[in-house]
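Contents: one structure, followed by commentary.
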Protein chains: 2
Amino acid sequence: MSAKTVATAGLSERPAGSAAPTAAAGEPTWDIIELLFFAYRDFVGDPDEVLSKLGFGRAHHRVLHFVNRNPGMKVADLLDILNITKQSLGRVLKQMVDQGFILQKEGAQDRRQRLLYVTPKGEALALKLAGLQTARITRAFGELGPGAHEAARRFLTAMIDTDNREGVLRLIARADRASKRG
Amino acid sequence: MSAKTVATAGLSERPAGSAAPTAAAGEPTWDIIELLFFAYRDFVGDPDEVLSKLGFGRAHHRVLHFVNRNPGMKVADLLDILNITKQSLGRVLKQMVDQGFILQKEGAQDRRQRLLYVTPKGEALALKLAGLQTARITRAFGELGPGAHEAARRFLTAMIDTDNREGVLRLIARADRASKRG
DNA sequence: AAAATATGTCAACATGGCTGACATAAATAT
DNA sequence: ATATTTATGTCAGCCATGTTGACATATTTT
């Protein structure tokens, strides 16, 4: 049995139609709930395979991703984004520093800070992983019509906590500028 | 510091604009990658809070969700959907059976099978959790124009592994019929 | 000089994945 | 009828990654 299949066994099968319209108010939007589950599972599945060969997990991916996107960020910033404890981060971060994927520099103004950067090796891995996910995304956008990117962006943005949305958009916009400069 | 915030500290801030268009071919679609991360984090965050008060985790949620949606499913089906080992499932499942959220019945034709059902208590919890997620989804659809539901469904579907997509759609469609009958 | 801040570390624990080995009952095949 | 396969469960232990609490160190701020 290969991974990432879905049970089709049991219960009589009928031809697959489009999911039900979910009209009635107050009824759960089962289709979106379940599609999000499966879409996200596949979305993170591609990187997971590559990472596991390196002895890394999803936690390493998250660290690498955000450091790559926000070079020079503080440890505290990363903790805030990942929403984990410094002890959890510490373990993972230490491995990536020891293995030469991430590099820490003392802050220029504030020498208590350990600013985080990816090494060339780290950047290569980050781009490889992002490439896998981008391939999936562009394939999806290719299947859908033009405007799919914008529609997806609007949907995903609207799904984020309202009181956090501005911060997320700022983060993305700032990282974009950083990578374009870099 | 509250949970689920995003670092805004450091680096000079500029007013939040829409994310960059990500035009160039071969460049990662950072915006979708990151929005998916944050959207999913918030999406599962609501249920997580409720579950933790019951001593349950995300694993329990997944089990409860799929059993509720597919009453009478076999253990093997659930394993196939969740893509975990029977030992992992066993632990979680046992707790939910012991605490009266899920019920197992011997199969009618094949008496080796332990068909899975939610109890009324289990259904209530499943609906409560789905309600939280639905609230977020309908809020999002409300912010976006009409057609948002359809657009989201198409996007998410296109993000699923092509060789698995049919199976997922069948699963959703079948569960819809089951819940409409039930 | 004292207090607050940024970071790191030690120790212990919980959850939820995993593998491997083995047990049981029931269905199926020979 | 016996043998094999199948569906499920269970024991034991390992690993990754989250948690809390306590404490250490360097540096900045008051």
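Lettering of chains follows the sequences in order, A, B, ..., and the numbering in each one begins at 1. Just the heavy atoms: all of them, side chains too, but no hydrogens, waters or symmetry mates, feed the values below.
A 4.5 Å side-chain heavy-atom check between B:Arg136 and A:Asp161 finds at least one atom pair inside the cut-off. Side-chain contact between A:Phe38 and B:Ile81 is present, with at least one heavy-atom pair separated by less than 4.5 Å. A 4.5 Å side-chain heavy-atom check between B:Met73 and B:Leu115 finds every atom pair outside the cut-off. Side chains of A:His65 and A:Leu129 form no contact here, defined as non-hydrogen atoms less than 4.5 Å apart. Contact of the A:Leu51 side chain with the A:Arg58 side chain is not registered, since no non-hydrogen atoms from C-beta on lie closer than 4.5 Å.
Counting to the nearest Å, the P atom of C:dT7 and the CE atom of A:Met73 are 11 Å from each other. For B:Leu64 and C:dG16, the CG to P distance is 14 Å, given to the nearest whole Å. Regarding A:Asp80, its CG atom lies at a distance of 15 Å from the C1' atom of C:dT7, rounded to whole Å. Rounded to whole Å, atom P of C:dG17 lies 14 Å from atom NE2 of B:His61. What separates CG of A:Leu79 from P of D:dT17 is a distance of 16 Å, to the nearest Å. One atom, CG of A:Leu89, and another, P of C:dT9, lie 11 Å apart when rounded to the nearest Å. One interatomic measurement links the two molecules: CD of A:Gln109 to P of D:dT28, which rounds to 10 Å at whole-angstrom precision. Distance, A:Asp48 CG to C:dG16 P: 18 Å, rounded to whole Å.
Here A:Gln95 lies out of heavy-atom contact (under 4.0 Å) with every strand.
Every residue two or more places apart in sequence or in another chain was checked for a salt bridge (charged side-chain N to carboxylate O under 4.0 Å, His left out) with A:Lys128, and none qualifies.
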Mind listing the N/O atom pairs, protein and nucleotides 8-12 of chain D, below 3.5 Å?
| unit_1 | atom_1 | unit_2 | atom_2 | d |
| --- | --- | --- | --- | --- |
| D:dT8 | OP2 | B:Ala76 | N | 3.0 |
| D:dT8 | O4 | B:Lys86 | NZ | 3.2 |
| D:dG9 | OP1 | B:Gln104 | OE1 | 3.0 |
| D:dG9 | N7 | B:Lys86 | NZ | 3.2 |
| D:dG9 | O6 | B:Lys86 | NZ | 2.3 |

What nitrogen or oxygen pairs link the protein and nucleotides 12-14 of chain C at under 3.5 Å?
none

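The ring of B:Tyr40 has its center no closer than 6.0 angstrom to the ring center of A:Phe43.
Taking a 6.0 Å sphere around NZ of A:Lys121, one finds it holds more than 12 heavy atoms contributed by other residues, nucleotides or ligands.
Between A:Arg139 and A:Glu143 there is a salt bridge, with a side-chain nitrogen of the basic residue lying less than 4.0 Å from a carboxylate oxygen of the acidic one.
Positionally, the nearest nucleotide of DNA chain D for A:Ile84 lies more toward the 5' end than for the other of A:Ala108 and A:Ile84. Mapping A:Arg111 and A:Arg58 onto DNA chain D via the closest heavy atom, the residue that lands nearer the 5' end is A:Arg58.
Between C:dG16, D:dT19, C:dT19, one nucleotide has an atom nearer to the side chain of B:Ala59 than all others, and that is C:dG16.
One finds a side-chain N or O of A:Arg62 lying less than 4.0 angstrom from the OP1 or OP2 phosphate oxygen of D:dG18. Considering only side-chain N and O atoms, B:Thr85 lies nowhere under 4.0 angstrom from the phosphate OP1 or OP2 of C:dG17. The phosphate of D:dT17 (OP1 or OP2) has no side-chain N or O of A:Ser88 nearer than 4.0 angstrom. The shortest distance between the side-chain N/O atoms of A:His60 and the OP1/OP2 oxygens of D:dT17 is below 4.0 Å.
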- Message: Using the rule given for side-chain contact (heavy atoms from CB on, under 4.5 Å), can you reason through A:Val75 versus A:Lys86, listing the C-alpha separation, both sets of side-chain angles and the distance that settles it, and then say yes or no?
- Response: CA-CA 8 Å; A:Val75 170; A:Lys86 62 179 173 178; 5.8 Å; no

